[in-house]
Visitor: 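Structure incoming, see below.
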Amino acid sequence: MFSGGQDSTTCLAHALSKYDRVETLGFDYGQRHSVELQARLTVLQQLRTQFPQWAPKLGEDHVLSLDVLKQIGGSSLTEDVAFAMQADGLPNTFVPGRNLLFLTLAGALAYRRGLQVIVTGVCETDFSGYPDCRDDTMKAMQLALNLGLERRLRIETPLMWIDKAATWQMALDLGGDALVQLIVQDTHTCYEGTRDVLHAWGHGCGHCPACDLRAKGWQRWRAAQAA
Ligand code: ZN
């Protein structure tokens with residue numbers, strides 16, 4: 001599952017270093033900022049040209065339309081409302097059911113394409129409290145998919161128990177400086193869709209929660225490297 005952000009790009013590199021055939025899947029769910037979908041294409045192209053050891057394993061790219069999420073509405077990712085915390089303690093970037101739908105569709109695609117592992121960049125470590133990113137949710141979805149599809153699919157979550165600093169380190173371990181620089185320059189994480197400023201850690205507004213997490217992870221990682 002590949003959105004074009006830092007986490008899913010690191011997971012894609014993980015998959016390419018581990019498996020012989022990797023296909024990518026993204027979702028167009030009426031994100032306010034289509035820069036994410038553009039970033040996916042740039043990252044895929046850069047991976048193909050800069051990493052000849054991975055290029056032959058990188059198969060088809062799929063983008064599925066999920067307008068239904070926008071129809072349900074209410075999230076700052078799909079509507080023009082400012083980031084805020086909800087009464088239930090979750091940020092309003094939470095799109096209820098999003099990951100559950102994503103995984104169901106990834107399972108259906110895996111079934112059709114004869115794929116056995118779904119790799120996703122969900123993380124419980126320094127996440128925003130999204131309940132659909134939890135390890136228990138992943139285990140429950142894996143069980144539901146295996147029962148409902150009569151298959152042995154595995155949901156793999158390489159980032160589940162590591163923080164953003166360790167995610168940068170994982171990128172370095174998998175693809176060296178070239179992969180770190182590709183992630184800095186070509187992936188997109190910012191909730192505001194801003195790409196006009198390039199910071200050491202990448203493009204973004206620098207103050208939304210996604211930028212904040214990414215920037216702090218970068219700073220902790222660089223500080224640990226220097227120590
Ligand atoms: Zn931002």
Side-chain angles (χ1 to χ4, degrees), residues 1-13 24 26-47 63 66 69-70 73-96 98-99 102 120-133 159-160 162-172 179-224:
M1 292 168 69
F2 175 59
S3 71
Q6 175 188 355
D7 291 348
S8 69
T9 301
T10 307
C11 285
L12 177 54
T24 45
F27 297 97
D28 184 351
Y29 56 95
Q31 294 95 319
R32 272 167 67 201
H33 308 293
S34 59
V35 288
E36 241 186 58
L37 292 169
Q38 185 52 51
R40 295 180 79 255
L41 300 177
T42 310
V43 170
L44 287 175
Q45 190 194 11
Q46 289 298 325
L47 284 173
V63 176
L66 262 185
L69 284 172
K70 198 177 167 69
S75 165
S76 70
L77 288 193
T78 53
E79 278 164 49
D80 191 15
V81 292
F83 175 83
M85 294 304 284
Q86 300 174 167
D88 61 5
L90 280 178
N92 67 351
T93 46
F94 180 55
V95 181
R98 179 175 58 169
N99 265 337
F102 284 5
T120 168
V122 290
C123 168
E124 230 186 89
T125 310
D126 50 12
F127 75 147
S128 315
Y130 297 155
D132 59 350
C133 292
L159 310 183
M160 183 59 79
I162 67 172
D163 66 9
K164 285 277 183 200
T167 304
W168 284 112
Q169 182 61 41
M170 184 185 282
L172 183 70
L179 184 61
V180 171
Q181 278 313 305
L182 188 160
I183 289 171
V184 165
Q185 289 175 27
D186 297 324
T187 66
H188 185 83
T189 309
C190 175
Y191 286 151
E192 300 295 331
T194 303
R195 289 198 68 75
D196 45 359
V197 185
L198 178 61
H199 310 268
W201 45 267
H203 292 276
C205 71
H207 50 74
C208 78
C211 282
D212 191 50
L213 203 57
R214 179 164 163 157
K216 283 185 177 150
W218 172 270
Q219 283 146 14
R220 281 202 314 279
W221 177 57
R222 298 296 292 202

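Every number for a ligand or one of its atoms is a count from 1 in the order of the listing. All values below were derived from every heavy atom in this structure, side-chain atoms included, with hydrogens, water molecules and symmetry-related copies excluded. Along the sequence shown, the residues carry numbers beginning at 1. In this text the structure is predicted, and so the values were computed from the model without any measurement.
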Visitor: Is the shortest heavy-atom distance from the side chain of D212 to the side chain of H207 under 4.5 Å?
Guide: no
Visitor: Is H207 close enough to the Zn ion (ligand 1) that one of its N, O or S atoms comes in under 2.8 Å?
Guide: no
Visitor: In a check of side-chain hydrogen bond (donor to acceptor under 3.5 Å, both in side chains) between H188 and each of E36, H203, R195, which one passes?
Guide: R195
Visitor: For T187, which of R214, Q6, R40 qualifies under side-chain hydrogen bond (donor to acceptor under 3.5 Å, both in side chains)?
Guide: R214
Visitor: Rounded to 10°, how many degrees is the angle SG/C208-the Zn ion (ligand 1)-SG/C205?
Guide: 110°
Visitor: Check step by step if side chain to side chain donor-acceptor pair (under 3.5 Å) holds for S3 and S8.
Guide: CA-CA 6 Å; S3 71; S8 69; 3.2 Å; yes
Visitor: What's the SG-the Zn ion (ligand 1)-SG angle here (C190, C211), rounded to 10 degrees?
Guide: 110°
